4 protein chains.
Amino acid sequence: MSSSTRQPRRGDTRKRIQDVALELFAEQGYEKTSLREIAERLEVTKAALYYHFKTKEDILISVFEDRTRPIRELVEWAEGQPHGLETKKEVLNRYSEIVMDAGPIFRFMQENQATVRELSIGEMFKDRIFELMAILKEPDAPLADQVRCISALITMHAGNFHLQDAEGDPEEKRAAVLEVAIDLVTQAHAGQGGK
Amino acid sequence: MSSSTRQPRRGDTRKRIQDVALELFAEQGYEKTSLREIAERLEVTKAALYYHFKTKEDILISVFEDRTRPIRELVEWAEGQPHGLETKKEVLNRYSEIVMDAGPIFRFMQENQATVRELSIGEMFKDRIFELMAILKEPDAPLADQVRCISALITMHAGNFHLQDAEGDPEEKRAAVLEVAIDLVTQAHAGQGGK
Amino acid sequence: MSSSTRQPRRGDTRKRIQDVALELFAEQGYEKTSLREIAERLEVTKAALYYHFKTKEDILISVFEDRTRPIRELVEWAEGQPHGLETKKEVLNRYSEIVMDAGPIFRFMQENQATVRELSIGEMFKDRIFELMAILKEPDAPLADQVRCISALITMHAGNFHLQDAEGDPEEKRAAVLEVAIDLVTQAHAGQGGK
Amino acid sequence: MSSSTRQPRRGDTRKRIQDVALELFAEQGYEKTSLREIAERLEVTKAALYYHFKTKEDILISVFEDRTRPIRELVEWAEGQPHGLETKKEVLNRYSEIVMDAGPIFRFMQENQATVRELSIGEMFKDRIFELMAILKEPDAPLADQVRCISALITMHAGNFHLQDAEGDPEEKRAAVLEVAIDLVTQAHAGQGGK
DNA sequence: TATGAATGAGTCTTCATTCAT
DNA sequence: GATGAATGAAGACTCATTCAT
């Protein structure tokens with residue numbers, strides 16, 4: 001009852017900025033989303049954004065860091081596990097959930113690579129992917145198997161979104177994407193790259 | 001005598017614009033590339049660009065159409081072929097070469113989806129992909145198999161670029177990517193989605 | 001117990017603001033120094049500045065008044081003295097010390113005249129200078145002698161700073177500047193303006 | 001006759017920008033003069049300024065370079081002359097005219113030192129002054145004589161403006177200022193610092 | 001075939017200031 | 001004595017685009 005209609009929602013402004021920003025960044029891209037637009041949606045002034053964040057890029061960075069923290073944790077966990085196929089599968093499984101939960105940030109990263117590359121999160125994301133790759137692929141794996149692992153990851157990033165026109169509920173889709181990813185990594189793990 | 005030392009170029013300005021534009025678009029993204037930059041690289045004025053193209057988007061469209069024409073032809077060819085696995089494999093094979101030859105346009109499309117979605121080429125590209133998908137996947141294939149086909153395509157688009165840190169010459173990489181794509185489509189074709 | 005290690009300062013905030021502000025104003029200029037910067041240096045918030053001063057200009061005014069009070073006193077003293085050369089010399093002598101002791105405020109006034117002219121202290125400073133000039137120059141002195149007196153004053157303001165690259169300790173420099181100023185005023189006093 | 005009232009003055013825009021900018025910079029200071037203001041006075045848009053100059057600072061630089069070129073030439077000329085008092089006097093004489101002709105740029109430099117110090121012209125101006133000082137003062141002159149030379153220069157820069165309240169026509173004022181400057185340099189040249 | 005000159009709309013960002021707590 | 005949160009106005013600058021020549 002306290003935070004009723006007119007009440008100027010307290011304290012949560014920072015988070016609201018992050019949410020709206022992510023939504024718009026994912027929908028229209030980073031460059032095409034202006035701070036004016038974000039501010040208008042929140043019914044605050046542009047200057048208010050600058051009270052909470054130093055720059056436009058800073059908003060993105062903060063969102064990115066918040067939403068990709070689980071990947072760091074996943075990697076840490078995985079590094080403490082035996083280096084076998086079961087671990088890889090479990091990593092994919094958990095990753096699949098992280099990607100779903102993280103909301104549109106992965107879609108954003110996938111669809112704005114050109115932009116993101118010039119931003120500091122470009123490197124950060126690359127690092128995250130490298131760490132995951134280090135877990136998924138065998139050292140000195142043949143090229144094709146490396147491709148399989150990369151393919152597994154980008155499929156998970158882009159998968160749900162590309163499937164949006166297909167029928168089926170989200171959980172089914174997630175399962176389908178996960179199945180393909182596991183297949184790819186399993187083949188890569190098997191070694192000679194199939195055939 | 002005509003194309004002598006002093007004047008290295010003639011009526012090729014239109015093409016030169018396309019080339020420089022594509023290069024910059026792919027490198028920095030569409031929005032971050034300004035017409036000023038393109039003009040400067042070519043040592044002409046911005047106004048000159050407007051002599052050859054109606055708008056900035058127009059430059060991109062023209063590049064896109066030129067470089068993706070082979071896909072149209074590939075689709076046309078495939079539609080006249082029997083609907084079997086062999087055709088699919090050959091389509092992937094040819095597609096693989098098209099992607100290589102087309103230069104950075106596929107990288108561009110992959111990395112600027114957010115931007116491209118709002119542009120007219122967004123729809124065009126989506127259409128092209130749909131037509132390819134129609135050839136690669138069986139009607140009413142299970143979700144996982146649809147994912148496999150999508151995965152095959154985006155792997156081809158992004159593959160070479162993601163592999164740029166790996167060792168090996170371009171032709172090897174292409175072969176590796178192609179192998180994975182064929183594998184994926186073959187499994188999808190087989191039906192039950194693996195296991 | 002009151003001014004112990006943990007809380008290095010007490011009710012001296014007002015003075016600390018003045019000091020930091022003057023330092024920054026002199027270093028970077030009035031316009032280029034933002035209240036944010038002042039606040040950050042003091043590790044307080046901008047709002048805290050507004051507890052102590054009504055406006056940015058107000059900070060400057062208060063600094064100016066504090067540090068130029070000695071001039072008022074000097075003028076008052078001089079007005080009670082005989083109107084001869086000895087008095088003039090003594091005025092210059094004392095002025096020279098005031099300028100040294102006042103810290104960077106004179107440098108600030110000299111280097112920010114364009115800004116200061118639009119501020120209320122512009123007039124105040126001009127008044128101070130007028131009063132001094134009234135003491136230093138003879139009524140109806142020839143133009144050149146007026147110039148000599150002005151020159152004496154601005155040399156004292158700017159002198160030390162312009163000499164910063166020359167070798168010699170501050171006291172020597174002060175003496176040199178003072179010598180020139182006295183010379184100028186003496187010549188002006190002598191009447192016909194030399195030659 | 002050809003460039004009548006309504007005609008949109010051709011070609012001269014660049015120069016008009018420089019003139020208006022200098023006028024405003026000198027009147028209000030660099031920071032307080034906005035490009036909007038300059039543009040409005042010229043009845044063009046801000047963007048038009050950017051067609052002619054890369055940045056705000058660039059406008060100032062170009063003005064500075066144009067108007068201080070004569071100093072360079074003066075220094076060059078002087079360096080080819082015998083190093084005696086006559087040369088010094090002639091330098092002051094010519095300098096006096098340069099300062100008058102250059103319009104408000106010297107006033108600007110004097111009154112915006114704090115600003116100018118952070119700009120590239122800060123160094124340039126300092127260099128110019130150093131070269132002049134090298135001509136005016138004897139090597140290893142006593143401090144007081146160095147002060148006399150500095151004093152001569154800053155008196156010339158600021159002089160006319162400080163005299164604006166005094167009666168007398170500009171030419172008379174110039175003569176008075178020049179007389180004082182020559183006096184100062186002559187004394188410095190004489191050696192032991194007078195008395 | 002091009003250029004020189006300009007515009008209008010928009011960008012991100014910074015600032016001094018306010019006020020409820 | 002101070003802070004946290006916000007605002008309104010303004011700043012420098014960039015962009016795609018136009019048009020007379």
Side-chain angles (χ1 to χ4, degrees), chain A residues 8-14 17 31-39 42-59, chain B residues 9-14 17 30-39 42-59, chain C residues 9-14 17 30-39 42-59, chain D residues 8-14 17 31-39 42-59:
Chain A
R9 313 75 146 209
R10 352 163 328 242
D12 58 347
T13 304
R14 194 188 148 90
I17 294 172
E31 335 259 354
K32 296 254 295 184
T33 302
S34 69
L35 295 187
R36 181 181 50 65
E37 209 175 346
I38 297 176
L42 291 167
E43 292 181 291
V44 296
T45 59
K46 267 181 294 170
L49 306 184
Y50 279 91
Y51 176 75
H52 293 280
F53 297 94
K54 274 211 310 288
T55 63
K56 185 185 180 186
E57 186 178 351
D58 215 45
I59 300 180
Chain B
R9 51 193 90 115
R10 299 210 320 287
D12 59 346
T13 304
R14 191 187 150 89
I17 294 173
Y30 179 75
E31 335 260 354
K32 296 253 296 184
T33 302
S34 68
L35 294 188
R36 180 177 52 63
E37 210 175 346
I38 296 175
L42 291 167
E43 295 181 286
V44 297
T45 57
K46 268 181 298 173
L49 304 184
Y50 280 90
Y51 178 81
H52 294 281
F53 299 94
K54 269 211 316 287
T55 65
K56 185 186 182 185
E57 187 178 350
D58 217 46
I59 301 180
Chain C
R9 52 193 89 114
R10 298 211 322 287
D12 60 345
T13 303
R14 191 187 151 89
I17 293 173
Y30 178 74
E31 334 259 356
K32 296 252 297 183
T33 302
S34 68
L35 294 188
R36 179 176 55 61
E37 209 175 347
I38 296 175
L42 291 166
E43 295 180 289
V44 296
T45 57
K46 268 181 296 174
L49 305 183
Y50 279 91
Y51 178 81
H52 294 281
F53 298 94
K54 269 210 318 285
T55 64
K56 184 185 181 185
E57 186 177 352
D58 216 45
I59 300 179
Chain D
R9 315 73 147 210
R10 350 167 325 245
D12 58 345
T13 305
R14 193 188 150 90
I17 294 172
E31 334 259 355
K32 296 254 296 183
T33 303
S34 69
L35 295 187
R36 181 181 48 67
E37 209 175 346
I38 297 176
L42 291 167
E43 292 181 291
V44 297
T45 59
K46 268 180 294 170
L49 306 184
Y50 281 93
Y51 176 76
H52 294 280
F53 299 93
K54 271 212 311 289
T55 63
K56 184 184 181 186
E57 186 177 351
D58 215 45
I59 300 180

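To find a chain, count down the sequence lines: A is the first, B the second, and so on, and within it residues start at 1. Owing to the predicted nature of the structure, the values given are computational and were not obtained by experimental measurement.
Rounding to the nearest 0.5 Å places CG of C:Leu49 at 7.0 Å from CG of C:Leu42. Separating the CG atom in C:Asp58 from the NE2 atom in C:His52 is a distance of 12.5 Å, to the nearest 0.5 Å. The OH atom of D:Tyr51 sits 11.0 Å away from atom CZ of D:Arg14, with the distance rounded to the nearest 0.5 Å.
Between D:Glu31 and C:Tyr30, every side-chain heavy-atom pair lies at or beyond the 4.5 Å cut-off.
For F:dG4, the OP1/OP2 oxygens have no side-chain nitrogen or oxygen of A:His52 closer than 4.0 Å. Taking only side-chain nitrogens and oxygens, D:Thr13 never comes nearer than 4.0 Å to OP1 or OP2 of E:dA5. Contact between the side-chain N/O atoms of A:Tyr51 and the OP1/OP2 oxygens of F:dA5 is found at a separation under 4.0 Å.
In this view, B:Ala47 and B:Thr45 satisfy the side-chain contact (heavy atoms from CB on, under 4.5 Å) rule, not counting sequence neighbours. Considering only residues two or more places apart in sequence or on other chains, C:Lys46 meets the side-chain contact (heavy atoms from CB on, under 4.5 Å) condition with C:Leu35, C:Arg36, C:Ala39.
If you take CD1 of C:Ile17 and P of F:dG1, they are 12 Å apart, rounded to a whole angstrom. For the pair C:Phe53 CZ and F:dA2 P, the computed distance is 12 Å after rounding to whole Å. We find that CG of A:Leu42 is positioned 10 Å from P of F:dT7, with the value rounded to whole Å. When rounded to the nearest whole Å, the span between CD1 of D:Ile38 and P of F:dG11 equals 11 Å. Rounded to whole Å, the distance from CG on A:Leu49 to C1' on F:dA6 is 11 Å.
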TODO: Kindly express the pairing pattern of DNA chain E in dot-bracket notation, using | wherever a base pairs with another strand and counting only Watson-Crick or G-U pairs under 3.5 Å.
DONE: .||||||||||||||||||||
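Atom name P, nucleotides E:dT1 and F:dT21: the rounded distance is 22 Å, in whole Å.
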I'd like a list of close polar pairs between nucleotides 13-16 of chain F and the protein, N/O only, cut-off under 3.5 Å.
{"unit_1": "F:dC13", "atom_1": "OP2", "unit_2": "D:Tyr50", "atom_2": "OH", "d": "2.7"}
{"unit_1": "F:dC13", "atom_1": "OP2", "unit_2": "D:Lys56", "atom_2": "N", "d": "2.9"}
{"unit_1": "F:dC13", "atom_1": "O5'", "unit_2": "D:Tyr50", "atom_2": "OH", "d": "3.1"}
{"unit_1": "F:dC13", "atom_1": "N4", "unit_2": "D:Lys46", "atom_2": "NZ", "d": "3.1"}
{"unit_1": "F:dC15", "atom_1": "OP2", "unit_2": "B:Arg36", "atom_2": "NE", "d": "3.4"}
{"unit_1": "F:dC15", "atom_1": "OP2", "unit_2": "B:Arg36", "atom_2": "NH2", "d": "2.9"}
{"unit_1": "F:dA16", "atom_1": "OP1", "unit_2": "B:Lys56", "atom_2": "NZ", "d": "2.8"}
{"unit_1": "F:dA16", "atom_1": "OP2", "unit_2": "B:Leu35", "atom_2": "N", "d": "2.9"}

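Summarising the geometry of A:Ile17 relative to A:Phe53, their closest heavy-atom pair is CG2-CE1, 3.7 Å, with the distance given to 0.1 Å.
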